[in-house]
Student: 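If you scroll down you'll find the structure; I have some questions about it.
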Amino acid sequence: MGRVLVQVMPKPEILDPQGKAVAAALPRLGLAGFVDVRQGKRFELVVEGPVTPEVLAQARKAAEQLLANPVIEDVVSVVDADAEVPAGASA
């Protein structure tokens, strides 16, 4: 089985009250250096078989037509989960 990760974020011009609340809480936790937080959504789509370019195209179509609200959100990525390199790991 393959997994496709879809990330959806609010458009830059859209207010993000949840992101603002997280940004305000970070200093209270002693975590400094973060100047802004935007909160989005992450979807994991599981498919039978490998993630092919055709599967990614179908997932992007699903993201654009169903997973994101195009009025206020952008689909920022549609990737094969197994091909994704974790943060801090070298490629």
Side-chain angles (χ1 to χ4, degrees):
M1 288 194 182
R3 287 185 311 128
V4 177
L5 300 179
V6 176
Q7 293 187 29
V8 175
M9 293 295 292
K11 291 182 181 282
E13 64 273 17
I14 298 297
L15 294 177
D16 179 8
Q18 292 174 316
K20 296 289 183 210
V22 171
L26 289 172
R28 290 195 303 270
L29 297 173
L31 302 171
F34 299 100
V35 296
D36 192 21
V37 176
R38 300 286 288 174
Q39 182 172 324
K41 298 185 281 189
R42 176 182 178 210
F43 298 90
E44 293 185 16
L45 306 175
V46 178
V47 297
E48 290 188 24
V51 176
T52 63
E54 292 77 21
V55 167
L56 289 174
Q58 289 288 321
R60 176 161 288 282
K61 187 174 181 179
E64 292 171 351
Q65 294 182 351
L66 178 65
L67 305 178
N69 177 344
V71 175
I72 61 171
E73 297 172 322
D74 290 323
V75 176
V76 295
S77 69
V78 178
V79 298
D80 179 346
D82 293 331
E84 188 174 60
V85 177
S90 51

Student: Quick one: does any side-chain atom of Asp74 pair with a main-chain N or O of Val76 as donor and acceptor, under 3.5 Å?
Tutor: no

Student: Name the residue from Leu5, Val4, Val8 that meets the side-chain contact (heavy atoms from CB on, under 4.5 Å) definition with Phe43.
Tutor: Val8

Student: Would you name the heavy atoms of Pro10 and Gln39 that are closest together and state the gap between them?
Tutor: CD-O, 3.2 Å

Student: Heavy atoms, side chains only, cut-off 4.5 Å: are Lys41 and Leu67 in contact?
Tutor: no

Student: Which pair of heavy atoms, one from Ala24 and one from Pro27, lies closest together, and at what distance?
Tutor: O-CD, 3.4 Å

Student: Please check if atom CD in Gln58 has more than 12 non-hydrogen atoms from other residues, nucleotides or ligands closer than 6.0 Å.
Tutor: no

Student: In this structure, are over 12 heavy atoms from other groups packed under 6.0 Å from Gln18 atom CD?
Tutor: no

Student: If you count the non-hydrogen atoms of other residues, nucleotides and ligands that lie under 6.0 Å from NZ in Lys61, is the total more than 12?
Tutor: no

Student: Would you find more than 12 non-hydrogen atoms of other residues, nucleotides or ligands less than 6.0 Å from Glu48 atom CD?
Tutor: no

Student: Hydrophobic cluster membership, with links at side-chain heavy-atom distances under 4.5 Å among I/L/V/M/F/W/Y: are Val6 and Val55 in one?
Tutor: yes

Student: With a sphere of 6.0 Å drawn around CG of Leu15, does it hold more than 12 non-hydrogen atoms of other residues, nucleotides or ligands?
Tutor: no

Student: Are Val75 and Leu56 connected in the hydrophobic side-chain network, where two residues link if heavy atoms are under 4.5 Å apart?
Tutor: yes

Student: Are Val47 and Met1 linked, directly or through intermediate hydrophobic residues, by side-chain heavy-atom contacts shorter than 4.5 Å (ILVMFWY only)?
Tutor: no

Student: So does Lys20 pair up with Asp36, basic N to acidic O under 4.0 Å?
Tutor: yes

Student: Identify whether Leu66 and Val71 are in the same connected component of the hydrophobic contact network (ILVMFWY, side-chain heavy atoms under 4.5 Å).
Tutor: no

Student: Please report the interatomic distance CE(Met9) to CD1(Ile14), rounded to the nearest 0.5 Å.
Tutor: 12.5 Å

